[in-house]
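Below is one structure; the comments refer to it alone.
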Amino acid sequence: MRAIILVEKTIILGGCMNYLDKLEAEAIYIIREVAETCEKPVMLYSIGKDSSVMLHLALKAFYPGKPPFPFLHVDTTWKFHEMIEFRDRIAKEKGIDLIVYTNEEGVKNNINPFDHGSMYTDIMKTEALKQAIDKYGFTAAFGGARRDEEKSRSKERIFSFRNENHAWDPKNQRPELWNLYNTRINEGESIRVFPLSNWTEKDIWQYIKRENIEVVPLYFAKKRPVINRNGNLIMVDDDRLKLKDGEKIEYKMVRFRTLGCYPLTGACLSKAQTLDDVVNETLEEKSSERVTRVIDYQKNTSMEQRKKEGYF
Amino acid sequence: MKDLLKFVVCGSVDDGKSTLIGHLLYNCNCLYLDQKDALISDSKKTGEDIDYSLLLDGLSAEREQKITIDVAYRYFTTNKRNFIVADAPGHAEYTRNMAVGASFGDLACILIDATKLMTEQTIRHMRICKMFGIDYFVFIVNKMDLVDYDEKAFLKVKKQIDDVNKELGIPNIEIIPVSAKKGENLDKSSKKMLWYKGPSFLEYLENVQKDNWENDDFYLQVQRVCRPNSTFRGYQGQILSGQINVGDILTNLPSKEKAQVKEIYVTDKKVKKASTGMPVTICLNEEIDISRGNVLVKNNNLIIDDKFTCQLLWMDDNDIKLNRNYQIQVGTKTTTARITNIKSKINLQTGKEEKISKIDIKKNDIVSCDISLNEKIVFDEFKNNKNFGKFIFVNLITNQTSAAGIIKSQLLETNLSYQKLDITKKIRATNLNQKPLTFWFTGLPASGKSTLANELEKYLTSIGKHTMLLDGDNIRLGLNKDLKFSLKDRSENIRRVAEVTKLLNDAGLIVLTSFISPFEKDRKIAKEIIGSDFIEIYVKTKLEICEKRDKKGNYLKARKGLIKDFTGISSPYDEPSNPNIIIENNEQLDKVIISLIEQIKKYM
């Protein structure tokens with residue numbers, strides 16, 4: 001008897017919001033909390049699909065006002081050209097305050113993904129991010145990371161505390177109860193905030209489709225020049241990529257599941273040319289999106305290690 | 001679109017939490033191929049079999065030490081539902097991380113090792129989940145493979161769970177025998193335990209229907225004020241409950257100023273109405289002073305005060321300090337508060353409140369204490385309104401989140417103190433030559449409570465006892481005529497009746513009460529107020545018979561939808577889990593009365 005009554009009541013009360021609405025509401029709540037309780041927030045904008053969703057949510061959260069914080073892109077100078085064009089156009093169209101930061105010292109020393117391996121990520125991404133946060137004195141930085149992406153991320157709080165060296169201490173995280181977020185910090189410390197923590201890759205694509213959010217065209221399949229390097233299909237985006245013996249450029253129908261620095265991002269063979277195709281392909285996907293990230297597979301715990309050092 | 005169930009998995013160390021979830025994800029095809037490959041290759045480093053727990057323990061320290069330190073969140077989908085599971089650590093040292101998981105879940109899954117039974121830590125986890133408001137528990141009696149899938153081993157654990165729950169009072173419980181390692185009763189029914197007739201773990205998760213007894217009153221706690229230009233002023237926040245329409249009159253708390261709703265936006269869309277959970281921006285027709293932490297309501301049932309009494313789960317490595325300032329957060333309201341009085345510490349095994357001689361409260365202790373705030377804020381008792389009844393404490397120096405709290409009640413003026421009287425209950429009772437008792441009749445409407453209470457009173461009077469009968473309708477016509485039938489009012493109705501009963505008992509009388517008293521938690525509160533001489537009599541009458549006997553025609557009206565919240569039809573009745581007397585009132589009245597009189601004799 002009890003069960004039947006309850007079901008009816010649930011339908012009446014919960015009928016108005018579906019699963020995506022709830023994820024959206026949670027993210028907006030988090031974004032608004034940061035804007036109100038953190039002294040100097042910034043939203044990381046990496047130009048990828050998750051960042052596009054996060055930007056969209058920020059615009060919705062403060063409507064009819066504008067997001068009361070700037071956006072930051074850490075430019076390693078090795079991003080796909082299409083990403084940079086997209087970034088500049090979107091920033092202009094949406095009227096957001098975009099800061100682009102590059103570790104100039106790294107550029108001067110010609111730090112690059114071919115010769116320097118994981119040191120390249122440290123210097124051009126992690127170090128650059130830390131420099132930018134310190135330079136502008138940001139106290140909180142939004143990131144688009146999701147818990148379903150990777151094992152150490154699945155352990156992270158939505159409000160993730162960083163000490164004055166930007167380090168994450170996974171063994172001693174602040175308790176996070178309900179949606180009562182403790183944003184108090186001391187001088188020099190900061191908080192990384194992940195409003196998309198509870199979203200999955202599938203949710204992201206379904207939301208992009210529902211809200212008709214524009215994403216970088218690299219997510220859609222097209223004939224692109226690629227080489228096969230250590231089992232990854234790497235796109236030849238400019239002439240800085242030098243072919244090794246036996247490598248040759250082929251034109252293949254490929255798209256990207258994640259976007260980053262082009263020499264470190266593997267493409268996948270795909271025929272998905274429209275948003276619908278991509279959504280369907282994601283729903284049937286057999287491998288995780290991290291497969292296409294070259295650096296993750298260096299060590300089982302490499303993501304955790306980089307996060308401890310201040311990476312997002 | 002599929003709905004979402006968020007649940008937390010807890011239990012003692014090594015009872016197999018991570019293995020349970022890991023194996024479930026594996027069997028439900030929720031893993032990507034590369035994750036499966038990585039799992040198999042990682043498992044080979046240590047042994048032959050797949051070690052499913054490796055999927056969950058994501059930190060290097062966890063993998064090295066083979067323990068879970070912090071909560072891991074996992075996302076999976078079946079044909080029926082979306083799930084988010086929080087895998088909580090089992091070690092006592094990491095209890096605060098477990099509490100993080102408990103605050104996340106709508107349902108708690110508690111693992112118990114069939115070879116070891118429940119430990120102190122298991123009971124601690126149950127208690128924290130219950131304290132945080134979880135009402136649905138599924139117990140996994142794990143490692144059944146190690147006891148040869150024997151039913152007796154299962155029943156032993158089941159008995160233990162039932163015993164603990166007598167005190168805890170969790171309303172919805174399922175107990176499932178499982179082997180997480182071997183996958184028995186995990187995603188489908190086990191062939192090795194044919195004696196078990198219930199659902200497998202996954203079947204349970206897919207089909208459990210959660211009771212959403214949310215408050216229907218409209219509440220919005222302001223998160224921020226949106227002022228993009230001089231003409232627009234909107235109040236932003238998430239609707240905690242209820243519905244709002246353009247034109248509604250809202251009251252701002254705590255100031256109690258009123259204004260009318262001019263415009264509503266749900267994110268960037270202008271709408272006419274909005275409801276629970278939606279992120280809104282509300283514009284009012286006149287400018288009143290509203291800021292972050294204020295609460296907009298239609299009808300105010302919340303409390304505005306600067307002190308309350310609560311239960312705290314202490315989480316800080318620094319010990320609790322009396323009269324020191326902490327930051328308190330109740331929803332979006334932030335202010336400072338002090339602990340003015342630590343009344344008792346909860347014994348985690350028995351649930352009893354133990355008086356403490358000196359302040360020695362450490363991390364992971366649960367205490368009852370009084371809080372005094374720097375200003376009057378809006379709050380409510382947790383049992384009435386979860387959104388306004390919970391809070392966190394933050395250390396102002398270290399910025400560490402020090403405690404999670406549940407508000408028990410408003411703290412009335414401390415200059416009131418209990419006046420000691422010379423003539424006691426015992427003296428009055430001796431004078432009357434009887435033992436004061438309370439016979440608390442509970443049951444569906446028209447189950448025969450009033451008739452039986454009336455007959456019992458006649459009998460007691462005939463043998464020279466001094467009695468008083470409190471009847472539901474009569475009390476509602478007088479003392480409680482300001483109360484309606486909302487959940488909150490029903491609870492208040494019972495609380496007042498219990499207080500009156502206690503006074504009558506103090507006067508030496510035997511009291512008979514006849515109230516539907518449908519909720520176990522309210523009866524429990526009544527029992528707490530009245531004390532040990534509380535005898536619960538469950539009048540167990542079949543619903544069809546109640547409907548047939550109903551002279552007032554209320555069932556008929558309720559069936560037609562004319563009466564809202566009618567117990568048995570449109571509002572639930574919690575069967576007493578452990579009544580002193582059960583009366584099956586389906587037969588002839590005189591037989592039933594004789595049986596009732598027989599049964600009460602031993603309490604006289």
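Computed from a predicted structure; not experimentally measured. Letters go in sequence order (proteins before strands), and every chain restarts at 1.
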Among A:T200, A:N198, A:D148, which residue meets the side-chain hydrogen bond (donor to acceptor under 3.5 Å, both in side chains) test with B:Y75? A:N198

Relative to chain A, which of B:L396, B:T281, B:N97, B:V208 shows the most heavy atom pairs under 4.5 Å? B:L396

If every non-hydrogen atom of B:Q327 is compared with every non-hydrogen atom of A:R184, which pair is closest and at what distance? OE1-NH1, 3.0 Å

Quick one: does any side-chain atom of A:K155 pair with a main-chain N or O of B:D70 as donor and acceptor, under 3.5 Å? yes

Taking the side chain as every heavy atom from C-beta outward, state whether B:Q400 and A:P175 have any pair of such atoms under 4.5 Å apart. yes

Is A:E176 reaching over with its side chain to a backbone N or O of B:V100, donor-acceptor style, under 3.5 angstrom? no

Taking it one step at a time, do A:E26 and B:Q238 satisfy side-chain contact (heavy atoms from CB on, under 4.5 Å)? CA-CA 9 Å; A:E26 179 187 62; B:Q238 199 172 350; 6.0 Å; no

Taking B:N399's backbone N and O only, do any of them form a donor-acceptor pair with A:N182's side chain (distance below 3.5 Å, no angle check)? yes

Is it the backbone or the side chain of B:K2 that comes under 4.5 Å from a heavy atom of chain A, or both, or neither? backbone

When only pairs under 4.5 Å are counted, which of B:V280, B:T77, B:V330 shares the most heavy-atom pairs with chain A? B:V280

Determine whether B:R292 and A:E33 satisfy the following criterion, side-chain contact (heavy atoms from CB on, under 4.5 Å), listing intermediate values before the conclusion. CA-CA 10 Å; B:R292 177 175 163 87; A:E33 277 302 282; 2.9 Å; yes

Taking C-beta and beyond as the side chain, do B:R74 and A:S154 meet within less than 4.5 Å on heavy atoms? yes

Per-residue contact mode, B:Y73 against chain A (heavy atom under 4.5 angstrom): both

Heavy-atom proximity to chain B below 4.5 Å, by part of A:Q206: neither

Would you say that B:P279 contacts A:R32 through its side chain, given a criterion of any heavy-atom pair below 4.5 Å between the two side chains? yes

